[in-house]
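Below, chain A is the first sequence line, B the second, and so on; all start at residue 1. Everything numeric in this text was worked out from a predicted model, so none of it was measured. Note: hydrogens, waters and symmetry copies are ignored here, and every other heavy atom, side chains too, is used.
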There are 2 protein chains.
Amino acid sequence: MSFTELANSRLETIGFRWTAPRRAVLRAIEAAGAPFTVEELLESLPEVGRATVFRTVKLLHELDLLCRVPLEDGSIRYQLSEGGHHHHLICRRCGQFTEFTDLELDAGIQEQARAHGFTLEGHAVELYGICAACSAAGA
Amino acid sequence: MSFTELANSRLETIGFRWTAPRRAVLRAIEAAGAPFTVEELLESLPEVGRATVFRTVKLLHELDLLCRVPLEDGSIRYQLSEGGHHHHLICRRCGQFTEFTDLELDAGIQEQARAHGFTLEGHAVELYGICAACSAAGA
DNA sequence: ATTTATGCAAAATCTTTGCATCAAC
DNA sequence: GTTGATGCAAAGATTTTGCATAAAT
């Protein structure tokens, strides 16, 4: 099932409408080769109103179809989410994100929470560096 | 050595000046009982110019005297840094952060990077939940 | 004296909102 | 026909910048 189809069914389930502007935003997101900022999405969708793009991104994020990744400089980029709990490898060179899951890592995190008497409700792990492709390509 | 003294020596080392507005910002940060937003800092420092507060926070962050913590809603809060590499436990109830270090966790993260052929240059781990004090206090 | 920092106000960003109109159901 | 979504433009919020002045070294 493509992202657009998934989004369609997800939206319909909750009673949201399947409109032309939403389809356009979804197509643009699917077409984006790399994680994007809302700013970039806006530029690629001059035919859709600003507010609609913001509203749609927020909606898709809430539906867990888009994941929001905080970069080191404090800016936020979005990417199609493969869904579920995961972490990111973020390439400083090409900007691509790779999602991964790691149960051992999650277990270690739970252990830390326990050690501090902390009731863990969520966590985020972001790795920053250079991806394999860029390492190979770069000098 | 207090935070202010540390900041003083750190600034002087690099050739920055020890000015009254910077002292005021440092005092306000030290006095803050909890992690703060720039907004809150601005409010507590009406006698210092907006631009100066922003510039000082940026400077302190670059000097690693303040750490920046991204919250789940995308907002950013700052806290005095104990320095060095660490992670955070962030209480959703009281908003306090606790810093911790965990070499095993870091090792697991390095292992993930290696498995993906990723050259790791930095990472962030944030845990969200309810701290021990709030769990005890709250019903 | 020289150089850096400050304060102000304006500009530049970034995001949300109100509301009349339009489209989906 | 009802209800939710859109687009616009305006308002808000947030952060940065230019520049004359003031302060630190």
Assign each of A:Ala51 and A:Gly15 to its nearest nucleotide of DNA chain D by heavy atoms, then name whichever residue's nucleotide is nearer the 5' end.
A:Gly15

In whole angstrom, what separates A:Glu39's CD from D:dT15's P?
16 Å

For the side chain of B:Arg23, counting heavy atoms from C-beta on, which of C:dG7, C:dC25, D:dA24 is nearest?
D:dA24

A:Arg10 side chain to A:Leu63 main-chain N or O, any donor-acceptor pair under 3.5 Å?
yes

Taking B:Arg77 for the side chain and B:Pro35 for the main chain, is one N or O donor matched with an acceptor at less than 3.5 Å?
yes

Separation of C:dA12 atom P from A:Leu42 atom CG, nearest Å, is 19 Å

Is the distance from OP1 or OP2 of D:dT16 to the nearest side-chain N or O of B:Lys58 less than 4.0 Å?
yes

Atom CZ of B:Phe54 and atom P of C:dT13: how far apart are they, to the nearest Å?
16 Å

Distance, rounded to the nearest Å, where A:Glu12 contributes CD and D:dT3 contributes C1'
16 Å

Options C:dG7, D:dT15, C:dC14, nucleotide nearest the side-chain atoms of B:Pro21:
C:dG7

In this structure, how many angstroms lie between the C1' atom of C:dC22 and the CD atom of A:Glu47, rounded?
17 Å

Between C1' on D:dT14 and CD1 on A:Ile76, what's the gap in Å once rounded to a whole number?
14 Å

Working to the nearest 0.5 angstrom, can you tell me the gap between A:Leu89 CG and A:Glu99 CD?
10.0 Å

Exam field: side chain A:Arg93 to backbone A:Ala133, donor-acceptor pair closer than 3.5 Å:
no

Is any side-chain nitrogen or oxygen of B:Arg22 closer than 4.0 Å to OP1 or OP2 of C:dA5?
yes

For A:Arg50 and A:Arg17, find the nucleotide of DNA chain C closest to each by heavy atoms; which residue's nucleotide sits nearer the 5' end?
A:Arg50

When the distance from CG of A:Leu41 to P of C:dT15 is rounded to whole Å, what number comes out?
12 Å

OP1 or OP2 of C:dT6 versus the side-chain N and O atoms of B:Thr19: is any pair under 4.0 Å?
yes

Using only modelled atom types and a 3.5 angstrom limit, is any donor from either the side chain of A:Arg55 or the base of D:dG4 paired with an acceptor on the other?
no

Shortest side-chain distance from A:Phe16, nucleotide among D:dA24, C:dT15, D:dA5:
D:dA5

How close or far is atom C1' of D:dA5 from atom CG of A:Leu60, stated in whole angstroms?
14 Å

A:Arg27/A:Glu30 salt bridge by N-O under 4.0 Å criterion:
no

